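In what follows, a structure is listed as structure tokens, so that the remarks can point back to it.
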2 protein chains.
Amino acid sequence: MAVTIKDVAKIANVAPSTVSRVIANNPRISEKTKKRVREAMEELGYHPNFIARSLANQSTQVIGLVMPASADKTFQNPFFPEVLRGISTAAHEKQYALQMSTGVTGNEILEGVMQMVQGRRVDGIILLYSAVEDKIIKYLQKECFPFVVIGKPFEQVEEITHVDNDNYRAAKEATQHLIGLGHKRVAFVGGSIQLVVTIDRLLGYEKAIRDAGIPYKDEYIIHEEFLKEGGQEAISELLSLDEPPTALVVSDDLMSLGILNTLHDMGISVPDQMSIVSFNNVLLAEVARPPLTSVDINIFQLGFQAAKTLIQKVKDPSEPTKRIIIPHTMVKRQTCKDMTK
Amino acid sequence: MAVTIKDVAKIANVAPSTVSRVIANNPRISEKTKKRVREAMEELGYHPNFIARSLANQSTQVIGLVMPASADKTFQNPFFPEVLRGISTAAHEKQYALQMSTGVTGNEILEGVMQMVQGRRVDGIILLYSAVEDKIIKYLQKECFPFVVIGKPFEQVEEITHVDNDNYRAAKEATQHLIGLGHKRVAFVGGSIQLVVTIDRLLGYEKAIRDAGIPYKDEYIIHEEFLKEGGQEAISELLSLDEPPTALVVSDDLMSLGILNTLHDMGISVPDQMSIVSFNNVLLAEVARPPLTSVDINIFQLGFQAAKTLIQKVKDPSEPTKRIIIPHTMVKRQTCKDMTK
DNA sequence: TTGTAAGCGTTATCAC
DNA sequence: GTGATAACGCTTACAA
């Protein structure tokens with residue numbers, strides 16, 4: 001059995017409670033005893049038992065992470081390592097550990113979340129995605145359990161703390177950029193319509209199109225999963241139209257990569273015959289050929305702020321609901337052609 | 001306060017210990033009382049408290065995951081989501097939760113691991129990478145804490161349970177494939193030499209070269225990080241040689257992608273002027289242009305078996321040390337030219 | 001400033 | 001079969 005607070009107390013000739021206070025660095029303990037106790041801890045190689053502490057404290061110092069179903073292709077998106085890096089950094093700063101959901105299907109994940117919550121395994125939860133009609137959000141609300149979502153909640157936006165980009169504006173700007181370059185036939189290729197981010201970006205695209213007085217065409221709207229195969233199917237459909245688009249707003253870099261390669265195979269040159277504005281600006285955007293013009297949504301910050309906000313909320317449950325918007329910037333590379341020249 | 005075992009006991013008119021036995025489905029409890037207790041649990045919406053259970057049990061049902069430093073570019077490699085998926089699947093099956101290391105530097109991570117172990121936060125640990133001179137492995141060995149490493153340990157291979165590919169053989173075969181195609185000038189582009197996988201693959205490459213009676217040249221060996229910038233630098237060096245290679249063995253798909261694009265920018269055609277065999281066969285390999293011939297190392301299985309093996313070990317500490325080798329297969333696509341034709 | 005003792009929600013060891 | 005009761009290792013009133 002490992003060395004406990006009692007062993008330390010014995011060696012240091014104090015009561016267990018005193019040792020506990022030294023650990024918490026309670027100011028009411030004299031420096032002299034603190035020193036003595038610390039020496040004893042050192043001598044015995046004492047390390048506090050987190051589990052015991054959690055039970056006494058009713059707090060685990062653990063944040064639960066809900067990822068999309070690992071069956072889901074979304075899981076492969078480079079978005080996740082990067083949010084994770086943001087979350088991890090913030091969590092580490094505040095001494096929180098991270099626990100991930102497991103499970104392949106949506107229901108398995110919901111069950112996992114219930115275990116986390118009811119089993120008191122975590123102090124709060126971050127949802128790493130936002131989908132329509134999400135059971136998990138509903139459950140967490142019912143339980144009044146602290147959580148924050150990355151992305152915009154589908155419903156009750158005002159009542160749920162979340163960290164998001166202004167995806168509506170970002171997509172509007174991206175589309176306007178293309179329009180400003182003289183493109184009149186601009187299509188939209190989005191990820192799963194189940195994801196709120198897709199909806200927001202589509203709305204922003206639509207707004208820009210209508211504002212420019214360009215007719216909005218349903219055939220120009222394509223939804224596919226956030227993945228490369230998706231991109232390839234999507235592009236074939238689009239190109240077989242009577243009036244194929246000269247430019248694309250693509251909701252994700254991975255998808256753009258797929259599209260780029262499909263176009264390459266078809267002998268269509270980017271940006272000469274087709275312009276693209278992509279989203280997320282992950283590593284792939286830089287490494288693609290030609291390098292993608294992509295809206296940088298600051299993924300790291302999305303994660304970092306989410307963790308920071310959640311921890312505040314956990315520590316002070318009276319914290320008001322918050323909406324945090326992370327700024328975006330368009331990084332111009334080489335996938336947009338100026339039609340006016 | 002949440003509903004506890006005592007509340008259930010009161011409602012069901014039994015002792016708390018009986019409720020506990022019902023939860024554990026102890027056969028010595030009569031079906032009648034079981035039913036009564038279960039109804040009471042249902043009625044109150046009871047859920048067991050994992051923390052309390054852990055304390056009483058000395059077991060957390062949590063597996064700790066040690067990722068490479070998130071500062072590290074390795075973190076961005078699509079390898080990780082995929083191992084994670086494997087680990088997650090196995091863990092879920094056996095009802096284990098997953099806790100990740102946080103921390104940006106190597107030392108921060110080591111501290112985190114110490115917290116996991118000493119704080120009794122996890123029952124066992126999986127290392128998701130294997131580097132030379134690893135402090136974490138040494139620490140875990142000293143503590144006699146159950147762990148398994150994904151990849152081959154640098155030292156004491158026989159004493160450490162690990163799940164790996166036969167990277168030596170895989171690299172040898174990949175190189176032989178190129179040689180069989182008539183290539184005599186084959187270079188090796190590997191990731192960080194700190195990683196054992198790089199070393200193994202380099203050794204396999206060397207063996208194939210020597211076996212074929214081709215002189216082994218130091219200038220043909222390049223080490224860079226597992227990332228795209230790396231690939232780009234590497235290729236420039238290689239091409240400026242007096243006798244530039246006609247084929248490359250590249251230790252990672254992400255790196256290959258960078259190389260592919262650099263070659264494209266330089267106007268060098270793949271596979272006509274340069275052949276490539278890559279490793280890992282992640283999504284990127286398929287989506288690259290041209291699609292990469294890549295050695296599939298079955299990343300999912302690497303993770304799945306690691307988790308499964310660890311759980312066995314946790315449940316039965318007397319389990320012997322194991323080495324599990326996951327088979328690889330070369331997936332031929334379009335980056336290798338047959339020079340004999 | 002420090003010690004005593006109760007409690008956190010379980011499980012496990014005895015009894016009966 | 002089931003019930004008391006003592007752990008598990010820590011925190012935190014309340015006393016002193």
Side-chain angles (χ1 to χ4, degrees), chain A residues 1-38 40-41 44-62 95 115-123 315, chain B residues 1-38 40-41 44-62 95 115-123 315:
Chain A
M1 195 97 319
V3 20
T4 79
I5 217 171
K6 285 184 187 167
D7 304 317
V8 177
K10 211 165 285 171
I11 298 284
N13 254 308
V14 292
S17 52
T18 303
V19 178
S20 174
R21 288 181 185 115
V22 173
I23 295 170
N25 204 8
N26 187 319
R28 300 195 312 198
I29 301 291
S30 73
E31 281 309 320
K32 221 168 65 187
T33 27
K34 272 188 189 171
K35 186 160 172 268
R36 193 148 42 93
V37 170
R38 288 198 179 116
M41 300 202 313
L44 296 176
Y46 169 79
H47 282 265
N49 181 319
F50 263 92
I51 299 296
R53 179 181 284 190
S54 295
L55 186 58
N57 262 348
Q58 308 286 55
S59 127
T60 59
Q61 296 278 111
V62 178
Q95 312 250 54
Q115 295 253 329
M116 283 187 188
V117 173
Q118 319 255 28
R120 296 280 175 276
R121 289 184 141 184
V122 301
D123 291 345
K315 288 193 175 156
Chain B
M1 199 95 318
V3 17
T4 78
I5 217 172
K6 287 184 188 167
D7 304 317
V8 176
K10 212 165 285 171
I11 298 284
N13 255 309
V14 293
S17 49
T18 304
V19 178
S20 175
R21 289 184 184 109
V22 174
I23 295 170
N25 203 10
N26 187 318
R28 303 198 307 203
I29 300 290
S30 73
E31 281 308 322
K32 219 168 67 184
T33 27
K34 272 188 188 170
K35 183 157 176 271
R36 194 147 42 92
V37 169
R38 288 200 178 115
M41 299 201 313
L44 296 175
Y46 168 80
H47 283 264
N49 181 320
F50 264 91
I51 298 298
R53 176 180 287 190
S54 295
L55 186 59
N57 261 349
Q58 309 285 55
S59 128
T60 58
Q61 295 279 110
V62 178
Q95 311 253 53
Q115 297 254 325
M116 283 187 188
V117 174
Q118 320 255 27
R120 298 278 177 276
R121 289 184 141 185
V122 300
D123 291 344
K315 288 192 176 157

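All values reported here derive from a predicted model rather than from experimental measurement. Below, all heavy atoms of this structure are taken into account, side chains as well, without hydrogens, waters or symmetry copies. Lettering follows sequence order; numbering is per chain, from 1.
Rounded to whole Å, the distance from CZ on B/Arg36 to P on D/dT2 is 8 Å. One can place CD1 of B/Ile51 at 14 Å from P of D/dT11, the figure rounded to the nearest angstrom. Here D/dG1 presents its P atom at 19 Å from NZ of B/Lys35, a figure rounded to the nearest Å. If you take CG of B/Asn13 and C1' of D/dT2, they are 13 Å apart, rounded to a whole angstrom. Rounded to an integer number of Å, the gap from CD1 of B/Ile5 to C1' of D/dT2 is 14 Å. With rounding to whole Å, A/Arg121 atom CZ is found 17 Å from C/dG9 atom P.
In terms of heavy atoms, B/Gln61 sits closest to B/Gln95 at NE2-O, 3.1 Å. Taking both residues in full, the closest heavy atoms of B/Ile11 and B/Ala40 are given as CG2-CB, 3.9 Å, listed atom of the first, atom of the second, then distance. The two residues B/Thr4 and B/Tyr46 come nearest to each other via the heavy atoms C-CE1, 3.6 Å. Between A/Arg120 and A/Thr60, the shortest heavy-atom contact is O-CG2, 3.2 Å.
Between A/Gln58 and C/dG9 there is a side-chain polar atom (N or O) within less than 4.0 angstrom of OP1 or OP2. OP1 or OP2 of C/dT11 lies within a sub-4.0 Å distance of a side-chain N or O belonging to B/Arg53. Considering only side-chain N and O atoms, B/Asn57 lies nowhere under 4.0 angstrom from the phosphate OP1 or OP2 of C/dG9.
Place B/Leu55 and B/Val14 on DNA chain D by their nearest nucleotides, and B/Val14 ends up nearer the 5' end.
Taking every heavy atom of residues 15-34 of chain B and every atom of DNA chain D, pairs under 4.0 Å involve B/Ala15, B/Ser17, B/Thr18, B/Arg21, B/Arg28, B/Ile29, B/Ser30, B/Thr33, by number.
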Residue pair A/Val22, A/Thr33: steps toward the side chain to side chain contact (heavy atoms under 4.5 Å, CB included) verdict: CA-CA 8 Å; A/Val22 173; A/Thr33 27; 5.9 Å; no
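More than 12 heavy atoms of other residues, nucleotides or ligands lie within 6.0 Å of NZ in A/Lys34, so this atom counts as buried by the packing criterion.
Residue contacts shown for A/Phe50 are absent, as no nucleic acid heavy atom lies under 4.0 Å away.
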